[in-house]
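Shown next, in structure tokens, is the structure this report addresses.
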Amino acid sequence: MRSRPCSSASRTQTSATALDIFVESIAFSNDDLLRTGSLAKQHGMFLRAHVEQLSSHGSVPVAIEAGARSVDHLSCMPVADVPALAASDCAAVLLPGAELLGAEQLPPARDLADAGAVCVLATDLNPGTSPIVSLPLIAGLAVRRYNWSIRRRCWH
């Protein structure tokens with residue numbers, strides 16, 4: 001897929017503060033991720049990247065290079081990418097509800113937390129893959145599935 005340029009006119013017609021990209025074999029590539037990051041910088045916007053959800057494409061280091069504020073999903077993230085993500089300001093957005101309901105692999109959540117990465121839990125609320133609205137349920141799933149303690153879930 002080819003990215004469409006974000007024109008100055010379209011930037012002034014929105015209150016959006018971020019560009020969002022899904023990198024997967026059925027969607028966009030790492031090259032598209034780099035271009036989207038460049039567009040985000042050019043227009044003073046944040047970059048959010050949904051990566052390593054269904055398969056691994058080596059997208060975490062690319063997202064960090066592109067200036068992503070967050071990388072979401074990470075179910076297929078190689079453990080070898082943990083140190084780079086932990087050393088960055090990019091947040092790892094973990095979605096245990098989507099992983100459970102989509103029968104996805106588990107991300108290296110415990111490794112990320114132990115390495116000091118910024119870890120965020122979210123619902124990924126959508127009717128197709130994760131119709132969970134309860135953050136306490138998401139926190140409980142993280143404790144159970146990621147082997148996190150309640151303390152880690154609440155304060156780290």
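- Residues Val60 and Leu95 are members of separate hydrophobic clusters, defined by side-chain heavy-atom contacts under 4.5 angstrom among Ile, Leu, Val, Met, Phe, Trp and Tyr.
- With a 6.0 Å radius and a threshold of 12 heavy atoms from other residues, nucleotides or ligands, Arg145 has its CZ atom above the threshold.
- Summarising the local packing, CZ of Phe22 is surrounded by more than 12 heavy atoms from other residues, nucleotides or ligands at distances under 6.0 Å.
- Of the possible donor and acceptor atoms, one in the side chain of Thr36 sits under 3.5 Å from a partner among the backbone N and O of Asp32.
- Side chains of Glu24 and Gln53: a donor-acceptor N/O pair is absent below 3.5 angstrom, by distance only.
- In this structure a side-chain-to-backbone donor-acceptor pair under 3.5 Å is present from Asn30 to His57.
- Under the 3.5 Å distance criterion, the side-chain polar atoms of Ser130 are matched with a main-chain donor or acceptor of Thr123.
- In this structure, Arg110 is not positioned above the aromatic face of Tyr146 in the sense of NZ or CZ being under 6.0 Å from the six-membered ring centre and within 45° of the axis.
- Among residues at least two apart or in separate chains, salt bridge (Lys or Arg N to Asp or Glu O under 4.0 Å) pairs with a member in residues 46-62 are Asp20-Arg48, Arg48-Asp72.
- Atom CG of residue Asp81 and atom CG of residue Leu112 lie 9.5 Å apart, to the nearest 0.5 angstrom.
- Hydrophobic clustering of Ile, Leu, Val, Met, Phe, Trp and Tyr side chains at less than 4.5 Å, counting indirect connections, unites Val62 with Met77.
- Pairing each heavy atom of Leu74 with each of Pro107, the nearest pair is O-CB, 3.1 Å.
- Between Cys76 and Ser56, the shortest heavy-atom distance links the atoms O-CB, 3.3 Å.
- Contact record, Lys41 with Ala66: CE-O, 3.6 Å, taken as the closest heavy-atom pair.
- Shown here is Asn126, whose CG atom has more than 12 heavy atoms of other residues, nucleotides or ligands within 6.0 Å.
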Steps toward side-chain contact (heavy atoms from CB on, under 4.5 Å) verdict (Phe28, Val51): CA-CA 10 Å; Phe28 294 97; Val51 300; over 6 Å; no
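- Note on Val23: it clusters hydrophobically with Leu34, by side-chain heavy-atom contacts below 4.5 Å among ILVMFWY residues.
- Rounding to the nearest 0.5 Å places CG of Leu94 at 10.0 Å from CG of Leu106.
- Taken to the nearest 0.5 Å, the OG1 atom of Thr17 stands 14.5 Å off from the NE2 atom of His43.
- The nearest pair of heavy atoms linking Ala63 to Val71 is CB-CG1, 3.6 Å.
- Distance check: Glu104 CD to Ser55 OG gives 11.0 Å after rounding to the nearest 0.5 Å.
- In this structure the side chain of Leu101 reaches within 4.5 angstrom of the side chain of Ile132, judged on heavy atoms.
- Arg35 and Asp31 are not joined by a salt bridge, as no carboxylate oxygen comes within less than 4.0 angstrom of a charged side-chain nitrogen.
- By the rule that hydrophobic residues join a cluster once side-chain heavy atoms approach within less than 4.5 Å of another member, Val79 and Ile64 end up as members of one cluster.
- Under the 4.5 Å side-chain contact rule for hydrophobic residues, Val120 and Ile138 do not share a cluster.
- Here the closest non-hydrogen pair linking Ala40 and Leu47 is CB-CB, 4.3 Å.
- Closest approach of Cys90 to Leu85, counting heavy atoms only: O-CD1, 3.5 Å.
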